[in-house]
Protein chains: 2
Amino acid sequence: MTEATERPSRQVTRQPSMADVARTAGVSAQTVSRALRDSPNVTPETKKRVLAAVEQLGYRFNNAARVLSSGRSHTIGLVLLQSGGYYSRSAVTAGVEAAAGEAGYAVSIATIASLDTGLMERSLSKLADQGVEGIIIAVPLISVTRKMEDITRDIPTVTLDGSRTASARALGIDQKEAGRLATQHLLDLGHRQVWHVSGPDEWIEARRRREGWQECLAAAGIAAPPPLEGDWSPDSGYLQGQILARIPDVTAVFAASDEMAFGLIRALREHGRKVPDDVSIVSVDDIALAAYCCPPLTTVRQDFYRSSAAAVALLLTGDDAGAAEVVVPASLAVRDSTAPPRSH
Amino acid sequence: MTEATERPSRQVTRQPSMADVARTAGVSAQTVSRALRDSPNVTPETKKRVLAAVEQLGYRFNNAARVLSSGRSHTIGLVLLQSGGYYSRSAVTAGVEAAAGEAGYAVSIATIASLDTGLMERSLSKLADQGVEGIIIAVPLISVTRKMEDITRDIPTVTLDGSRTASARALGIDQKEAGRLATQHLLDLGHRQVWHVSGPDEWIEARRRREGWQECLAAAGIAAPPPLEGDWSPDSGYLQGQILARIPDVTAVFAASDEMAFGLIRALREHGRKVPDDVSIVSVDDIALAAYCCPPLTTVRQDFYRSSAAAVALLLTGDDAGAAEVVVPASLAVRDSTAPPRSH
DNA sequence: GTTACGTATGTCATCGATAACATAAGCTCA
DNA sequence: TGAGCTTATGTTATCGATGACATACGTAAC
């Protein structure tokens, strides 16, 4: 009968609060607070009593109250695009969450359905309303509005492979290098021309990879053919492949994603063009299935997990206040979808 | 010079609060609160003044304060497993987030690195500490601890294709039916025996699919061969394929995931067994690349997005208090990896 | 013409933890 | 031994929005 029975009719059994713990442990609420946050000036004895009381009452601290009084939410926001490579989205989410969790931060996600500035504004508002202490924008590209800048003015922001606002720092995998690596590999094999199936033009990754391809060709004194545009999906790769298959002197293609390469290869084969005998293919991503394509794909590997973790670090440490542009390198995995051109 | 200059040295420029808005609009804070929440009893005129003041000051409401005073966080938690099919994880995240957003809820995610009850307890604690109003557990299977039940006692929980605690409701795609569909398709083609490469035994999806396979064979009066166990990855499919390829009378295999089917097919081909001429393959998932496998995969389609959205609905409406087990059906997509057995 | 009620708005206490300040005890050293 | 410091703990005000209750005004009804 340690319970006070003088409460007439509290309809809902309230969660125990710090005051309840304090009463049970016979100390003040402040001492409980200190004990639970490992403040230096608490007797081990007192701390033990507090912890026992916590255990006994099943106390959980109230996050809202903590946030309100301390002004810190210990939460960061993550903005993602719903469409487009689910592989990278998944890896980014995992990477951000792991790195944030490591640092004691929770992650609140906001997915936007399409590359629309209005949606983006609303997502940022939502996150800002939640009191996030930082935002990671993993959205490929979007024109930045004044309203967006208003919202993110007071909140540190890091952009992961996308556009950047005045206040945001950017970080990403070196996509131009990825395009260069892929193209150079094909040139090194002896190909005289490299075609390109790109991602959607509004994706900055797509643009950068295209630039890398163009620059690499230019450096070799080759005039780049017009790029064909896909939407990252295998279906779009198949579509563009049906065009490329009809152009006789195509011997090498750089596809901007593994998935498009899968479609591309099928289209080529259906038109009697063998990979890599007749046409060599290099793509980007190195998804798990890349090694199980027919033939296994030569592809540029991207470490999304690592770059996302780096984004969190950049956001939280915030050392590099000067709008730094950090870059994570990409590397080439050579398999069987590339070969020297047939001698003619 | 509308700014009051009488503040001597406020080091940090504080975010405007409701009181500030009230002062600017010439009303009370409570009226501001009502105006912003579309309470019925506010004059359009007053509301306009309030909104103007909000705009002018760039006011954003403080979520922590709102949560603290109203006791509602409007946030739900999502627990995911970091390893295993990134496709489903991505689809689940998107589905949950979309459905939750629709209902005005934010989503806080917690990823656990492995199927470990300790990690699970910590994740649930983290979410509970954040004050989530509901939790969706999208983790395949884990033995439920007393501590976990303690944590989730006061929080509604829905399990998505995983284990369930006493208090949790479960919902998922009908995995047993998926296994049955796949197996029956092979039997219908005339195969006399169907082998199975399953997912990891600790995944409930894997178990259910295996059960569907077993029951279907049993119904046809066939003794099921021992199942081979993979880990969902194409690599593991390749490994098990090397075993199956050495067994001469294997003519039909049910693989528990598309990715494993990719590996399996490669292994079979490397041993001179053609798909579907010598061996038919059916798998589960219908990922975007399934149609671009060589040959295109016959597979059981799963709508993760839909089932996750349903989970949110179940969690939020909470109609079905009686520990319901809701099930979303699966369907078969027939392509070219299956054929009648070679007549001998 | 007073009673009764509905509508618009204001006042005050409250949610739970914490920062800032206050106090009490114990210890050191001149 | 008492000034001065350190350490452990208590007290009080505060964060910002909201629920409950209070008030003021208008209008309809008897």
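Reckoned from all heavy atoms, side chains included, excluding hydrogens, waters and symmetry mates. In what follows, every chain begins at residue 1, and chains take the letters A, B, ... in the order their sequences are listed.
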(message) With a cut-off of less than 4.0 Å, is there a side-chain N or O of B/Ser33 near OP1 or OP2 of D/dT18?
(response) yes

(request) Considering non-hydrogen atoms only, spot the tightest contact between B/Val32 and B/Met18 and give its length. (result) CG1-CG, 3.5 Å

(request) Provide, to the nearest angstrom, the distance between the NE2 atom belonging to B/His74 and the P atom belonging to D/dT18. (result) 10 Å

(request) Could you check how far NZ of B/Lys47 sits from C1' of C/dT9, rounded to whole Å? (result) 16 Å

(request) For A/Asp129 and A/Lys126, run salt bridge (charged side-chain N to carboxylate O under 4.0 Å, His left out): C-alpha distance rounded to whole Å, both residues' side-chain angles, the deciding distance at 0.1 Å, then the answer. (result) CA-CA 5 Å; A/Asp129 286 345; A/Lys126 235 178 66 177; over 6 Å; no

(message) Main chain of A/Ala25, side chain of A/Arg49: is a donor-acceptor contact present, judged purely on distance under 3.5 Å?
(response) yes

(request) Tell me whether the OP1 or OP2 atom of C/dG10 has a side-chain N or O from B/Ser28 closer than 4.0 Å. (result) yes

(request) Describe the nucleic acid contact of B/Val32 in one word from base, sugar-phosphate, nothing, applying a heavy-atom distance below 4.0 Å. (result) nothing

(request) Say whether, by atom type as modelled, one donor and one acceptor occur between the side chain of B/Thr157 and the main chain of B/Ile155 under 3.5 angstrom. (result) yes

(message) Looking only at the side chain of A/Leu68 (C-beta and beyond, no hydrogens), which of the listed nucleotides D/dG16, D/dT18, C/dA8 gets closest?
(response) D/dG16

(message) If you go through the side-chain atoms of B/Arg34, does one of them form a donor-acceptor pair with the base of C/dG10 closer than 3.5 Å?
(response) yes

(request) Could you tell me whether the side chains of A/Thr111 and A/Gln82 share a donor-acceptor contact shorter than 3.5 Å? (result) no

(request) Specify the residue among B/Ala29 and B/Ala65 whose closest nucleotide of DNA chain C lies further upstream toward the 5′ end. (result) B/Ala29

(message) With a 4.0 Å cutoff (strictly under), does any side-chain N or O of A/Thr31 reach OP1 or OP2 of D/dA8?
(response) no

(request) Establish, with yes or no, whether the OP1 or OP2 oxygen of C/dA19 is under 4.0 angstrom from a side-chain nitrogen or oxygen of A/Arg37. (result) yes

(request) Give a yes/no on whether any side-chain N or O of A/Thr43 is located under 4.0 angstrom from OP1 or OP2 of D/dT9. (result) yes

(request) Write down the distance between CG (A/Leu36) and C1' (C/dA17), rounded to a whole number of angstrom. (result) 11 Å

(message) Distance check needed: C/dG16 C1' versus B/Arg72 CZ, whole Å only.
(response) 19 Å

(request) Figure out the CG/P separation between B/Asp129 and C/dG16, and round it to whole Å. (result) 15 Å

(request) Please tell me which of the listed nucleotides, C/dG16, C/dT7, D/dG10, lies nearest to the side chain of B/Asn41? (result) C/dT7

(request) Starting at CG of A/Leu78, measure out to CZ of A/Arg89 and round the result to the nearest 0.5 Å. (result) 11.0 Å

(request) Could you please name the option among D/dA17, C/dT11, D/dA8 that lies closest to any side-chain atom of B/Gln30? (result) C/dT11

(request) Using whole Å, report how far CG of B/Asn62 lies from P of C/dC15. (result) 18 Å

(request) Tell me what B/Val67 touches on the nucleic acid: a base, only sugar-phosphate, or nothing, going by heavy atoms under 4.0 Å. (result) nothing

(request) Give a yes/no answer on whether the side chain of A/Ser70 brings an N or O atom under 4.0 Å of OP1 or OP2 in D/dC15. (result) no

(message) Rounded to whole Å, please give me the gap between CG in B/Asn63 and P in D/dT18.
(response) 10 Å

(message) Please report the distance, rounded to the nearest Å, between CE in A/Met18 and P in C/dA19.
(response) 10 Å

